[in-house]
S.K.: 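Okay, here's the structure, questions in a sec.
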Amino acid sequence: DEDDGTDAAVVVDTKPKTKRPPLYKVLLLNDDYTPMEFVVAVLERFFGMSHSQAFEIMLTVHKKGVAVVGVFSHEIAETKVAQVMDFARRHQHPLQCTMEKE
Ligand code: TYC
């Protein structure tokens with residue numbers, strides 16, 4: 001019944017974990033119909049980009065098919081996607097904006 005010290009040690013300590021919220025990439029997708037200037041206006045209006053930044057990202061999407069336009073918390077990313085999709089729909093452009101976990 002005495003502890004003779006023959007049992008294997010078991011690690012029980014855990015890392016002190018600080019919970020960081022997951023981040024989400026907001027993606028803009030290319031299409032054949034949305035005017036380039038409309039996409040530039042979207043990036044300026046909803047993502048706070050300068051005109052030249054916005055033009056650069058728009059061209060990246062146009063050439064590569066998709067680009068990350070920002071990284072946000074889940075709630076902010078959802079809001080950005082909804083704002084872009086609503087703005088595009090109201091202007092009858094097929095522009096698509098989505099989000100994915102980083
Ligand atoms: N490909 C479009 C055109 O030639 C421009 C465009 C760029 C559309 C980016 C969507 O996310 C987009 N008019």
Side-chain angles (χ1 to χ4, degrees):
D1 295 348
E2 294 304 310
D3 180 357
D4 63 3
T6 57
D7 285 0
V10 176
V11 176
V12 292
D13 280 5
T14 54
K15 222 187 256 172
K17 266 221 261 305
T18 309
K19 265 237 175 308
R20 276 177 302 95
L23 293 175
Y24 292 79
K25 297 183 283 197
V26 172
L27 309 169
L28 205 59
L29 278 60
N30 188 38
D31 66 73
D32 292 340
Y33 304 105
T34 304
M36 290 185 172
E37 277 309 326
F38 183 83
V39 178
V40 171
V42 162
L43 293 171
E44 290 173 332
R45 175 186 289 240
F46 299 113
F47 298 93
M49 294 182 193
S50 68
H51 191 78
S52 65
Q53 261 184 307
F55 199 91
E56 200 173 280
I57 299 292
M58 180 282 295
L59 273 189
T60 299
V61 179
H62 177 69
K63 288 194 260 195
K64 302 209 168 187
V66 64
V68 176
V69 299
V71 178
F72 306 98
S73 68
H74 188 272
E75 185 176 348
I76 300 293
E78 273 198 329
T79 301
K80 299 285 181 193
V81 169
Q83 286 174 330
V84 172
M85 294 300 284
D86 186 59
F87 192 63
R89 183 193 53 75
R90 274 161 30 223
H91 289 84
Q92 301 187 297
H93 295 310
L95 182 64
Q96 294 293 307
C97 185
T98 62
M99 62 192 270
E100 66 177 35
K101 202 168 178 182
E102 203 174 46

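Counting starts at 1 for both ligands and their atoms, in listed order. Note that the structure is a prediction, hence the values are computed from the model and not measured.
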S.K.: Parallel, tilted or perpendicular, judged at 30° and 60°: which one describes the rings of F87 and F46?
M.R.: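 F87 vs F46 ring planes: perpendicular.
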
S.K.: Can you report which non-hydrogen protein atom sits closest to atom 2 (C) of ligand 1, along with the distance?
M.R.: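 Scanning the protein heavy atoms, the shortest distance from atom 2 (C) of ligand 1 goes to D31 O, 3.2 Å.
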
S.K.: Under the 3.5 angstrom rule, does the side chain of T34 hit a backbone N or O of N30 as a donor-acceptor pair?
M.R.: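 Answer holds: no.
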
S.K.: Looking only at protein heavy atoms, which one is nearest to atom 4 (O) of ligand 1, and what is the separation?
M.R.: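 Atom 4 (O) of ligand 1 sits closest to the protein heavy atom H62 CE1, 3.1 Å.
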
S.K.: Using a strict cut-off of 4.0 Å, indicate which atoms of ligand 1 neighbour a heavy atom of L28.
M.R.: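 Near L28, meaning under 4.0 Å from one of its heavy atoms, ligand 1 has 11 (O).
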
S.K.: Among all protein non-hydrogen atoms, which one is nearest to atom 8 (C) of ligand 1, and what is the separation to 0.1 Å?
M.R.: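 Going by distance alone, atom 8 (C) of ligand 1 is nearest to N30 OD1, 3.4 Å.
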
S.K.: Which of the atoms in ligand 1, numbered in the order shown and given with their element, are less than 4.0 Å from a heavy-atom of L95?
M.R.: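 Within the 4.0 Å cut-off of L95, ligand 1 contributes 10 (C), 11 (O), 12 (C).
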
S.K.: Between E100 and K25, does any side-chain N to carboxylate O distance fall below 4.0 Å?
M.R.: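 Yes, E100 and K25 are salt-bridged.
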
S.K.: For the residue pair H91 and H93, categorise the inter-ring angle as parallel (less than 30°), tilted (30 to 60°) or perpendicular (more than 60°).
M.R.: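 Plane angle under 30°, so parallel.
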
S.K.: If two hydrophobic side chains count as joined below 4.5 Å and joins carry through other members, does F47 share a cluster with V71?
M.R.: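 Result: no, two separate clusters.
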
S.K.: Could you check atom 11 (O) of ligand 1 against the protein and tell me its nearest heavy-atom contact, residue, atom and distance included?
M.R.: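 Atom 11 (O) of ligand 1 sits closest to the protein heavy atom L29 O, 2.8 Å.
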
S.K.: To which protein heavy atom is atom 13 (N) of ligand 1 closest, and what is the distance rounded to 0.1 Å?
M.R.: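 Result for atom 13 (N) of ligand 1: T34 O, 2.9 Å.
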
S.K.: Tell me the protein heavy atom at minimum distance from atom 9 (C) of ligand 1, and give that distance in Å.
M.R.: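 Among all protein heavy atoms, the one nearest atom 9 (C) of ligand 1 is V61 CG1, 3.6 Å.
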
S.K.: Of M58, E56, M49, which meets side-chain contact (heavy atoms from CB on, under 4.5 Å) against V40?
M.R.: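 That would be M58.
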
